[in-house]
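First comes the structure, then the notes that go with it.
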Amino acid sequence: MTKASDLQSLIGREVGVSKWFEIDQARIDAFAETTEDRQFIHIDPEAAAKTPFGGAIAHGFLTLSLASAMSYDAVEGLENVVMGVNYGFDKIRFLAPVRAGSKVRGRFKLLSAEDKGGGRWLLKHELTVEIEGGDKPALIAEWLSMQVVG
């Protein structure tokens, strides 16, 4: 566990890399149903094969939605944390499509740690979601979380 007093020394450093998560067609289809985003490039592999993507691709928001699981897997928690909440994003860019059957993982760098008082810490991480074997990341985001230490 990381002590809140050590956060400043971690700024600018990579603080974790997650395991690989498979993005298979079943996961894409389930996400399409949950979000009601059933665009053919996601759920119809035959039709999607006729596009420049050459096959079905994951929703960008599906890839982004794995950020929490990636973070739990990769980033050491704060010592004595009572709770952590998603605080939003300062920036999100989708850079490369994630083809059905691909694997992705998250790489986290701590950009800032701001003591908000009362045991609250506003953390900003750069999240880079890599595609296994890919030249470009699927996305890069600046992700904010509020961590409450008791």
Side-chain angles (χ1 to χ4, degrees), residues 1-2 4 7 10-78 81-116 119-149:
M1 298 304 258
T2 301
L7 285 170
L10 297 174
I11 292 174
R13 293 179 47 195
E14 183 172 272
V15 293
V17 179
S18 78
K19 68 181 182 182
W20 291 102
F21 290 80
E22 186 173 355
I23 308 297
D24 60 13
Q25 190 62 52
R27 185 178 285 218
I28 294 169
D29 291 344
F31 189 84
E33 287 306 307
T34 299
T35 60
E36 299 186 25
D37 180 353
R38 299 178 188 96
Q39 187 176 165
F40 80 95
I41 62 172
H42 305 303
I43 63 169
D44 186 343
E46 287 182 25
K50 298 174 185 166
T51 71
F53 297 121
I57 60 168
H59 306 71
F61 286 134
L62 166 55
T63 306
L64 182 63
S65 75
L66 292 170
S68 292
M70 291 173 180
S71 177
Y72 292 139
D73 184 62
V75 180
E76 188 174 276
L78 285 179
V81 73
V82 175
M83 69 174 181
V85 294
N86 183 357
Y87 208 69
F89 291 88
D90 277 349
K91 180 180 176 182
I92 302 168
R93 295 292 181 264
F94 298 103
L95 303 174
V98 176
R99 297 186 59 157
S102 297
K103 291 182 180 178
V104 296
R105 71 177 176 188
R107 186 174 293 278
F108 295 84
K109 181 193 309 182
L110 184 62
L111 296 179
S112 64
E114 190 176 341
D115 184 350
K116 296 301 221 175
R120 296 174 303 128
W121 285 87
L122 181 61
L123 304 182
K124 183 190 290 189
H125 286 92
E126 178 183 83
L127 166 62
T128 302
V129 176
E130 301 172 330
I131 304 167
E132 188 175 46
D135 296 334
K136 292 173 62 175
L139 68 88
I140 296 177
E142 292 180 2
W143 187 16
L144 303 170
S145 67
M146 182 68 72
Q147 303 294 311
V148 181
V149 177

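We count residues from 1, following the sequence as given.
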Item to complete: Side-chain contact test, heavy atoms from C-beta onward, threshold under 4.5 Å: evaluate it for L66 versus I23 and give yes or no.
Response: yes

Worksheet entry | Side-chain touch F61/T35, heavy atoms, less than 4.5 angstrom |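 Not touching, per the 4.5 Å side-chain cut-off.
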
What's the spacing between [X] [atom1] and [Y] [atom2] if we round to 0.5 Å?
| X | Y | atom1 | atom2 | answer |
| --- | --- | --- | --- | --- |
| T34 | D29 | OG1 | CG | 10.5 Å |
| Q147 | Y87 | CD | OH | 12.5 Å |
| L95 | D135 | CG | CG | 12.5 Å |
| L144 | D90 | CG | CG | 4.5 Å |

Which heavy-atom pair separates [X] from [Y] by the least distance, and what is that distance?
| X | Y | value |
| --- | --- | --- |
| E132 | W20 | N-CZ3, 3.3 Å |
| A56 | P45 | CB-CA, 4.1 Å |
| L139 | G60 | CD2-O, 4.5 Å |
| A113 | W121 | O-CZ3, 3.9 Å |
| L110 | L7 | CD2-O, 3.7 Å |
| V98 | A138 | CG2-CB, 3.5 Å |

Worksheet item: Who are the side chain to side chain donor-acceptor pair (under 3.5 Å) partners of T128, not counting sequence neighbours?
Response: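 Partners of T128 under the side chain to side chain donor-acceptor pair (under 3.5 Å) test: none.
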
Verify, without hydrogens or angle tests, whether [X] (side chain) and [Y] (backbone) share a donor-acceptor contact under 3.5 angstrom.
| X | Y | answer |
| --- | --- | --- |
| S71 | A67 | no |
| R120 | M146 | no |
| K116 | L122 | no |
| Q25 | A100 | no |
| S65 | L62 | yes |

Any residue meeting side chain to side chain contact (heavy atoms under 4.5 Å, CB included) with [X], in chain and number order, not counting sequence neighbours:
| X | answer |
| --- | --- |
| S18 | F21, M70, D73, A74, R105 |
| F89 | L64, I92, A141, W143 |
| K109 | L111, E126 |

Worksheet item: Got a sec, which pairs hit salt bridge (Lys or Arg N to Asp or Glu O under 4.0 Å) with one end in residues 34-55, sequence neighbours left out?
Response: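 Qualifying pairs: E33-R38.
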
Worksheet entry | Carboxylate-amine/guanidinium proximity below 4.0 Å for R27 and E22 | no

Discussion item. Could you work out, with ring-ring contact (aromatic ring centres under 6.0 Å, His included) as the rule, every residue matching H42, not counting sequence neighbours?
Written reply: H59

Fill in: Whether over 12 other heavy atoms sit under 6.0 Å from M83 CE
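Not buried by this count: 12 neighbours or fewer within 6.0 Å.
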
